[in-house]
Participant: 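Sharing a structure below in structure tokens format, with a few things to ask.
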2 protein chains.
Amino acid sequence: MNMPAEPPKRTRRSKGGLTLVDVARVAGVAPITVSRVLNSPEKVSPDLVQKVRSAIERTGYVPNLLAGSLASTHSRMIAAILPTIAGSVFLDTVQSLTETLAAAGYQLILGQAGYENSREDELLEAIIGRRPDGIVLAGIMRSAQGRRRLQASAIPLVETWDLTPTPADMLVGFSHESVGEAVAEFLYQRGRRRVAVISASDERAQRRNRAFAQAAVRLDMQGPDGAIPFHTTSAPGTAAGGRAGLRALLAASPDIDAVFCSSDMVALGVLTEAHALGIAVPDRLAVVGLGDQAFAADTWPALTTVHLDGRAMGTIAANFLIDRIAGKHIPEVVRDIGFTIVERDSA
Amino acid sequence: MNMPAEPPKRTRRSKGGLTLVDVARVAGVAPITVSRVLNSPEKVSPDLVQKVRSAIERTGYVPNLLAGSLASTHSRMIAAILPTIAGSVFLDTVQSLTETLAAAGYQLILGQAGYENSREDELLEAIIGRRPDGIVLAGIMRSAQGRRRLQASAIPLVETWDLTPTPADMLVGFSHESVGEAVAEFLYQRGRRRVAVISASDERAQRRNRAFAQAAVRLDMQGPDGAIPFHTTSAPGTAAGGRAGLRALLAASPDIDAVFCSSDMVALGVLTEAHALGIAVPDRLAVVGLGDQAFAADTWPALTTVHLDGRAMGTIAANFLIDRIAGKHIPEVVRDIGFTIVERDSA
DNA sequence: GTGAAAGCGCTAACAA
DNA sequence: TTGTTAGCGCTTTCAC
């Protein structure tokens with residue numbers, strides 16, 4: 001017999017887990033049939049589907065999606081990149097994103113970029129390396145380096161919570177400049193004439209504030225020195241930052257009659273400090289928040305704030321990605337969802 | 001020449017992306033050398049490292065971690081399973097978890113189970129299918145089915161925010177029963193004699209409340225009917241739920257002098273409603289929150305609450321997993337991090 | 001220190 | 001409808 005020498009066996013520890021091949025053996029079918037039962041059961045005859053399902057049941061098999069992703073180049077994962085999680089205004093967006101994506105069979109992977117973008121490059125590499133089918137960004141990718149990487153990766157991308165004439169890909173948000181201007185005009189109409197700002201230091205807030213200040217000056221609501229009193233705290237904004245901010249503003253400009261805050265949390269702190277200082281809201285001081293978080297209607301007094309539909313942005317971003325991945329044409333890849341000022345009792 | 005017939009070429013669309021083989025070709029080394037430069041550069045001579053790094057740089061190569069995970073059976077992903085994201089008390093935990101894990105090269109994948117656990121089985125399958133190196137659960141896995149699946153998967157698991165005599169694997173949390181009892185005793189010592197509860201309906205809250213009620217009855221703080229007035233809202237607790245709760249409680253039991261709330265958000269709503277009703281806090285009504293969220297020190301009056309160290313739980317959970325994955329022996333896989341009552345002005 | 005060969009567990013492409 | 005074959009892009013194992 002002309003038997004070739006058996007080559008030395010190299011065996012790898014396959015981690016012992018059940019595989020699709022095991023299930024196929026149990027069901028008495030080819031591996032691909034098991035794969036089809038899992039991914040497109042309509043292409044398999046009912047009795048084989050039945051057999052395979054029963055084999056899966058009995059063995060407790062859980063498909064290895066990593067292997068499936070590698071073979072199919074669809075990971076069914078979507079990455080969300082946020083500055084932070086705790087205290088973030090993006091959580092409603094993440095929540096609705098997760099829900100909409102889960103319903104379509106996608107899982108979310110989370111990246112925290114920090115507000116300083118120090119680890120941005122590392123983070124992008126870690127995320128792109130996992131080959132998500134799509135990426136959602138809280139905000140706009142500002143660094144040219146980051147944009148280049150994302151575009152080179154060719155992964156569908158949705159930027160959110162902002163507008164820009166030069167989106168990297170898809171976009172759903174609102175104009176921070178318009179918000180700033182609208183709040184200034186709102187306060188003017190309510191009779192305020194000495195407005196101030198307490199704001200976190202992030203870039204979006206700064207654009208809001210600039211537009212607010214310009215409109216305020218145009219409406220002659222600046223201080224005697226021609227400027228709009230300003231207090232900056234670190235991002236994300238907190239109630240403590242709001243309290244400290246109000247104290248600082250009043251020390252420098254005791255005659256202010258309105259404060260525009262960069263978030264509802266900051267506004268909550270301002271309400272508290274006003275209370276502590278015996279300053280009547282809204283009589284002596286109007287307070288406007290941003291975000292219309294769930295608690296905004298239930299502060300004392302109820303917070304007048306800018307309603308931003310975080311859930312809608314999450315849902316729209318998710319659907320943008322789902323459609324794009326499905327190869328559907330998306331007619332309008334930039335969506336301005338606008339905002340509204342919700343007038344309650346604090347202004 | 002005895003040339004074998006060329007077999008028909010089946011080509012798959014390799015999605016065009018750069019691979020490690022391309023980089024190897026550019027650098028003039030074997031693929032495995034590129035792999036080593038990426039994963040254990042200390043095993044490669046400095047000049048080859050240099051050559052390979054330069055090739056990576058020039059080509060813009062991003063390693064496919066999916067393929068790496070499949071080959072190595074280490075995904076460098078950790079899954080976190082939460083009831084919800086928006087309004088959740090677990091966000092500090094998720095934040096510190098993400099930070100600690102990112103520093104060790106792990107990425108977080110997020111699963112939302114919902115408070116009703118309706119999609120739990122699906123979710124577990126989606127998560128286990130991605131072969132994370134570890135799983136962190138917000139709370140305890142209660143369903144026997146879920147525990148079985150997790151244990152069958154053999155993935156290291158940390159349950160958090162609770163204590164149980166029968167952890168599925170590792171555990172870091174605190175005793176909700178002790179919290180309930182401690183708050184009852186705290187209120188007793190502060191002279192309160194008619195205590196009430198406003199609580200979300202989740203299972204942890206219910207155990208807290210039961211212990212609170214038992215201690216309260218023991219201390220003779222029950223109402224004339226022998227019961228502790230109770231109001232339940234849906235989970236997660238909100239300020240609106242707190243307001244409605246206080247109104248309902250006062251309608252039924254006008255003589256209550258203290259309220260224990262299931263979260264700081266609920267307590268914020270209670271403070272607001274008390275203000276609206278002209279009820280002095282703490283003089284006529286003491287309010288105690290739970291969680292010591294960032295804003296708790298900055299409500300009016302400042303909220304007395306139970307401090308729970310969410311960040312610590314995240315860090316400890318992350319380190320449990322990192323150590324376990326590294327094969328280190330963890331001497332103490334159950335950790336009670338306790339709690340403290342932070343006395344401020346509301347009680 | 002470097003490399004060749006053989007998979008990891010799955011699915012796309014093709015064939016029957 | 002079902003199956004066969006050949007990878008997906010990487011790392012492990014073994015050899016030098």
Side-chain angles (χ1 to χ4, degrees), chain A residues 5-25 27-52 56 59 61-76 128-131 133, chain B residues 6-25 27-52 56 59 61-76 128-131 133 153:
Chain A
E6 198 69 9
K9 265 276 171 356
R10 292 153 184 237
T11 304
R12 283 171 81 169
R13 75 341 40 226
S14 85
K15 213 176 178 187
L18 270 176
T19 73
L20 176 143
V21 175
D22 300 320
V23 176
R25 193 165 23 236
V29 299
I32 188 68
T33 301
V34 178
S35 172
R36 287 205 262 254
V37 168
L38 291 165
N39 300 313
S40 43
E42 72 282 1
K43 290 183 184 158
V44 179
S45 65
D47 67 316
L48 276 195
V49 169
Q50 186 45 45
K51 252 192 210 159
V52 170
I56 291 175
T59 53
Y61 167 66
V62 180
N64 184 331
L65 301 179
L66 249 33
S69 300
L70 179 59
S72 69
T73 66
H74 294 304
S75 64
R76 300 199 81 82
I128 295 172
R130 294 212 155 78
R131 304 292 191 265
D133 292 340
Chain B
E6 198 70 11
K9 266 275 166 3
R10 294 158 181 230
T11 304
R12 281 169 82 167
R13 65 6 14 233
S14 86
K15 214 176 177 188
L18 272 175
T19 74
L20 176 143
V21 175
D22 300 319
V23 176
R25 193 162 25 232
V29 299
I32 185 65
T33 300
V34 178
S35 172
R36 287 199 183 107
V37 168
L38 290 165
N39 299 315
S40 44
E42 73 283 1
K43 291 184 185 160
V44 180
S45 65
D47 67 315
L48 276 194
V49 169
Q50 185 45 45
K51 252 193 207 160
V52 170
I56 291 175
T59 53
Y61 168 65
V62 180
N64 185 331
L65 301 180
L66 249 33
S69 301
L70 179 59
S72 70
T73 65
H74 293 304
S75 64
R76 299 199 81 80
I128 295 172
R130 295 213 152 78
R131 302 294 191 264
D133 292 340
S153 76

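Chain A is the first sequence line, chain B the second, and so forth, proteins listed ahead of strands; every chain is numbered from 1.
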Participant: Heavy atoms, side chains only, cut-off 4.5 Å: are A:Ser75 and B:Leu66 in contact?
Facilitator: yes
Participant: Counting side-chain heavy atoms from CB outward, which of C:dC10, C:dG3, D:dC10 is closest to A:Leu20?
Facilitator: C:dC10
Participant: Nearest 0.5 angstrom please: A:Leu38 CG to A:Leu20 CG, how far?
Facilitator: 7.0 Å
Participant: Run the numbers on B:Arg131 and A:Val62 for side-chain contact (heavy atoms from CB on, under 4.5 Å), then give the verdict.
Facilitator: CA-CA 10 Å; B:Arg131 302 294 191 264; A:Val62 180; 4.0 Å; yes
Participant: Would you classify B:Ala67 as touching base, sugar-phosphate or nothing, given that sugar-phosphate means primed atoms plus P, OP1 and OP2, and contacts are heavy atoms under 4.0 Å?
Facilitator: base
Participant: Does some side-chain heavy atom of A:Ile32 sit less than 4.5 Å from a side-chain heavy atom of A:Ser35?
Facilitator: yes
Participant: Check whether any side-chain heavy atom of B:Asp22 sits under 4.5 Å from a side-chain heavy atom of B:Thr59, and report yes or no.
Facilitator: no
Participant: Can you tell me which nucleotide in C:dC10, D:dC10, D:dT12 comes closest to the side chain of A:Asn64?
Facilitator: C:dC10
Participant: Using a heavy-atom cut-off of under 4.0 Å over every strand shown, decide if A:Pro31 touches base, sugar-phosphate, or nothing.
Facilitator: nothing
Participant: Taking 4.0 Å as the cut-off, does a side-chain nitrogen or oxygen of A:Thr33 come that near to OP1 or OP2 on D:dG3?
Facilitator: yes
Participant: What is the distance from CG of A:Leu70 to C1' of D:dA6, rounded to the nearest Å?
Facilitator: 13 Å
Participant: Figure out the CG/C1' separation between B:Leu65 and C:dC8, and round it to whole Å.
Facilitator: 15 Å
Participant: Among D:dT12, C:dG7, D:dC8, which is the nearest nucleotide to the side chain of B:Ser72?
Facilitator: D:dT12
Participant: Measuring only between side-chain heavy atoms, which start at C-beta, is A:Thr19 closer than 4.5 Å to A:Asn64?
Facilitator: no
Participant: For DNA chain C, what residues of residues 35-52 of chain A have any heavy atom nearer than 4.0 Å?
Facilitator: A:Ser35, A:Asn39
Participant: Pairs under 3.5 angstrom only: tabulate donor-acceptor contacts from the side chains of residues 42-51 of chain A to other protein residues two or more places apart or in another chain.
Facilitator:
{"residue": "A:Ser45", "atom": "OG", "partner": "A:Asp47", "partner atom": "OD1", "Å": "3.0"}

Participant: Rounded to whole angstroms, how far apart are CZ on A:Arg25 and P on C:dC10?
Facilitator: 12 Å
Participant: Can you tell me the distance, in whole Å, between the CG atom of B:Leu66 and the P atom of C:dC10?
Facilitator: 13 Å
Participant: Of the options C:dG9, D:dT11, C:dA12, whose atoms approach the side-chain atoms of B:Ile32 most closely?
Facilitator: D:dT11
